[in-house]
Amino acid sequence: MYTKEKAKGLQSATKEWLEHKEGLIVHTNNLENLRDILRFHEHRYYVENDPLISDFEYDTLYKKLETFEKEHPELITKDSPTQRVGVTLIKDFPKTRHLVPMLSLENSYNEEDLKDWDRKAKEISGLDEIEYTVEPKFDGASISLIYENNLLVRGVTRGDGEIGDDITPNIFQIKSIPLSAPFDSKNIQQIEIRGEILINKDNFKKYNNSLMEEGIPPLANPRNAAAGSLRIKDTSIVRKRNLEGFLYHVSYILNVHEPKNETILTHSDMLKMLQEFGFRTPQHELKVVKGINAVIREIEEFEKQRDQLPYEIDGMVIKVNNLELQEKLGMTSHHPRWAIAFKFKARQATSKLLSVEFQVGRTGAVTPVAKIQPVAVGGVTVSSISVHNEEYIKEKDLMLGDAILIERSGDVIPQIVKSMPDSRDGHEKKIVFPTECPACHHTLYKAQEEAVWRCVNINCKAQVLERIIHFVSKDAMDIKSLGEANVRKFFEMNLIKDIPGIYELDFDTIKSMDGFGEKSISNLREAIDKSKHQPLHRLIYSLGIRYVGETTAKTIAQHIHHILDLQKMTSEELMKMEDVGVKVAASIHAFFQNDDNIQMLKKLEHLGIEPEAKQLEKIEGDLSGQTFLFTGTLTSLKRNEAESMVEKHGGKILSGVSSKLNYLITGEDAGSKLEKARKIPGIKIISEEDFKKLLSI
Ligand code: AMP
Ligand code: ZN
């Protein structure tokens with residue numbers, strides 16, 4: 001689809017659009033050109049993994065299109081890049097019949113299975129040797145897409161194989177799936193394409209972390225995450241999951257006329273066609289080989305790279321390459337005879353639940369951790385597994401002494417899939433939750449809307465220790481030579497009592513300890529010193545404020561010069577930052593209202609912790625130093641427009657009437673704020689007109 005020439009053309013058009021920011025105006029003539037440019041860059045980013053422009057540049061172009069389409073809604077097309085966004089709340093997923101049934105695959109687990117299968121295929125076809133393709137078996141949720149007259153019209157789940165759920169609005173959220181493709185160039189009027197929707201390992205990890213941050217048990221594997229995401233009824237949430245789509249099969253084609261002569265003869269060519277039409281396919285991973293022995297070699301090679309892949313696979317799929325031969329081999333009622341799945345060794349194992357320990361985290365959350373009979377799974381030995389919270393234990397029906405099935409997919413933390421209550425012998429015991437903190441014996445509390453019990457003693461030793469461990473960790477201040485083990489050791493010896501204590505370490509005492517030589521001490525000293533000038537967002541993240549993950553910390557760092565700026569900000573001001581909602585803002589606010597925290601930050605500063613802050617443009621304007629508040633309905637301006645005008649001129653918006661307020665702007669039906677302001681001397685109460693004069697607009 002994107003030949004070199006075409007790509008070159010689109011890239012130089014991109015430059016033009018970006019350079020002539022004001023000059024190149026969207027109008028009906030170049031509207032489709034702008035859309036093509038956006039589609040091209042989406043393809044580079046999501047399908048090729050090789051973007052040519054920055055996110056910011058993409059956003060600039062996107063906004064241009066969006067603004068134009070808002071003014072001319074009659075010109076919006078179904079496959080315009082803007083049509084992916086917008087929030088759709090789905091009522092239910094209508095049932096739809098597949099054009100061709102979606103069968104499952106026969107499974108094989110060893111060489112013998114594969115050789116048997118090959119023997120049968122040779123018998124039926126009468127051939128001595130068959131050409132096969134070998135491709136990854138993606139571990140996600142299968143999907144069937146229908147395009148009509150070049151447009152994506154439907155996305156359907158497998159369902160029972162005959163009838164699935166129409167989840168089209170959610171498919172629109174997957175950026176690697178094109179909303180249109182030039183099928184007409186091959187006289188194709190309707191086409192049904194099959195593939196897999198998945199979530200890559202990175203995004204899966206992020207998603208699980210965000211769940212755990214909220215006290216919700218993480219999902220066991222990316223497959224569940226992908227399948228679950230496709231069934232969410234709010235498209236804006238689906239979009240945030242960053243799903244990806246790999247297409248690997250065409251199940252039906254309706255041609256308008258006779259197909260063009262270059263009829264496709266093989267599976268590998270079919271994938272090539274899909275790729276040329278802009279789809280993401282296993283083209284790069286695909287191997288075409290002759291005979292089953294070569295297939296076996298490819299599988300062995302591939303399995304070695306399994307852990308390096310960005311997404312999870314649970315085996316390989318072997319297909320007969322020649323399409324005519326596929327037809328000849330046909331299918332049983334369950335699966336095609338021309339394809340077979342080879343399953344990799346399961347990353348599941350059985351074990352026994354021996355005991356449960358209760359650990360106190362840095363936010364005071366008490367997490368039950370199951371100690372299990374050590375068992376090897378996915379290449380590592382697992383002996384303890386988090387069981388998250390009481391509800392989870394109930395849901396999984398876990399008892400001490402139970403036989404359990406555990407799973408560890410990829411580098412994901414291991415999890416209990418289920419218990420096996422049928423094999424109980426009566427000696428199993430109930431798991432009893434403590435009522436007081438195992439570390440400091442403070443009574444535990446549980447908030448109504450939460451699933452976790454917490455120790456609310458801020459000085460709880462277990463929490464302090466976890467906070468220090470978090471502070472030095474890789475994604476936080478990254479003090480490598482210190483590390484968790486040393487922190488634990490130093491904490492136990494009272495060498496570090498709190499976070500500032502890291503910067504007051506008594507190296508003389510450490511020198512006298514076993515295992516610390518000159519070299520390791522100088523490394524330690526250097527690592528600690530270096531961390532003093534980490535970027536500001538790392539310091540913010542390292543404080544372990546609830547709900548403030550790395551992304552939020554980065555956002556916040558963009559808006560402040562100094563960590564203590566946050567002390568002066570109201571929740572409303574915090575919520576103006578993108579991605580900071582009510583809950584996050586409240587949590588940050590609470591952290592910076594706590595005097596112990598402020599004292600700690602001041603101490604850190606005193607000890608030389610001077611993070612590198614982004615140099616923000618300080619807004620100086622004619623309103624600088626002045627504070628404003630609006631009340632009632634404005635007639636000629638929108639409230640948020642008016643507020644941002646104040647900020648552009650250097651003024652500040654306050655959240656309520658107080659003696660700090662300089663101007664109260666009153667719109668129609670001004671209410672209690674006006675009454676309150678009248679009682680405080682010094683507040684200027686002005687009309688919308690006066691306000692505009694003040695800004696000279
Ligand atoms: P199973 O669900 O274990 O019976 O495996 C069959 C399923 O594997 C198919 O229905 C597809 O959803 C999925 N699958 C994953 N990757 C591929 C692939 N490359 N080719 C065909 N099927 C695949
Ligand atoms: Zn405690």
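Counting starts at 1 for both ligands and their atoms, in listed order. This one's a predicted model, so the numbers in the text were calculated from it and none came from an experiment.
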Is it true that the NZ or CZ of Lys343 lies under 6.0 Å from the centre of Tyr109's six-membered ring and within 45 degrees of the ring axis? no
List by chain and number: which residues place a heavy atom under 4.0 Å from ligand 1? Leu103, Ser104, Leu105, Glu135, Pro136, Lys137, Phe138, Ser142, Arg158, Glu196, Tyr248, Val317, Lys319, Lys343
Please report the C-alpha distance between Phe279 and Phe246 in whole Å, then the side-chain angles of each, then the deciding distance to 0.1 Å, and finally whether the ring pair (Phe, Tyr, Trp, His ring centres under 6.0 Å) criterion is met. CA-CA 8 Å; Phe279 292 86; Phe246 276 95; over 10 Å; no
Would you name the heavy atoms of His442 and Cys455 that are closest together and state the gap between them? CB-SG, 4.1 Å
Considering the Zn ion (ligand 2), could you give the total of protein N/O/S atoms lying closer than 2.8 Å? 4
Can you tell me if Arg44 uses its side chain to pair, donor with acceptor, with the backbone of Asp50 under 3.5 Å? yes
Could you go step by step and tell me if Asp113 and Lys120 meet the salt bridge (Lys or Arg N to Asp or Glu O under 4.0 Å) rule? CA-CA 11 Å; Asp113 295 346; Lys120 267 184 236 145; over 6 Å; no
Listed partners of Phe277 passing ring pair (Phe, Tyr, Trp, His ring centres under 6.0 Å), at least two apart: Phe183
Considering residues at least two apart in sequence or located in another chain, which fulfil the ring pair (Phe, Tyr, Trp, His ring centres under 6.0 Å) criterion with His43? Tyr2
Nearest atoms (heavy-atom pairs only) where Ile174 meets Leu243: CG2-O, 3.5 Å
With salt bridge (Lys or Arg N to Asp or Glu O under 4.0 Å) as the criterion, how do Arg231 and Asp165 come out once you've worked through the C-alpha distance, each side chain's angles and the decisive distance to 0.1 Å? CA-CA 9 Å; Arg231 305 197 60 83; Asp165 290 339; 2.8 Å; yes
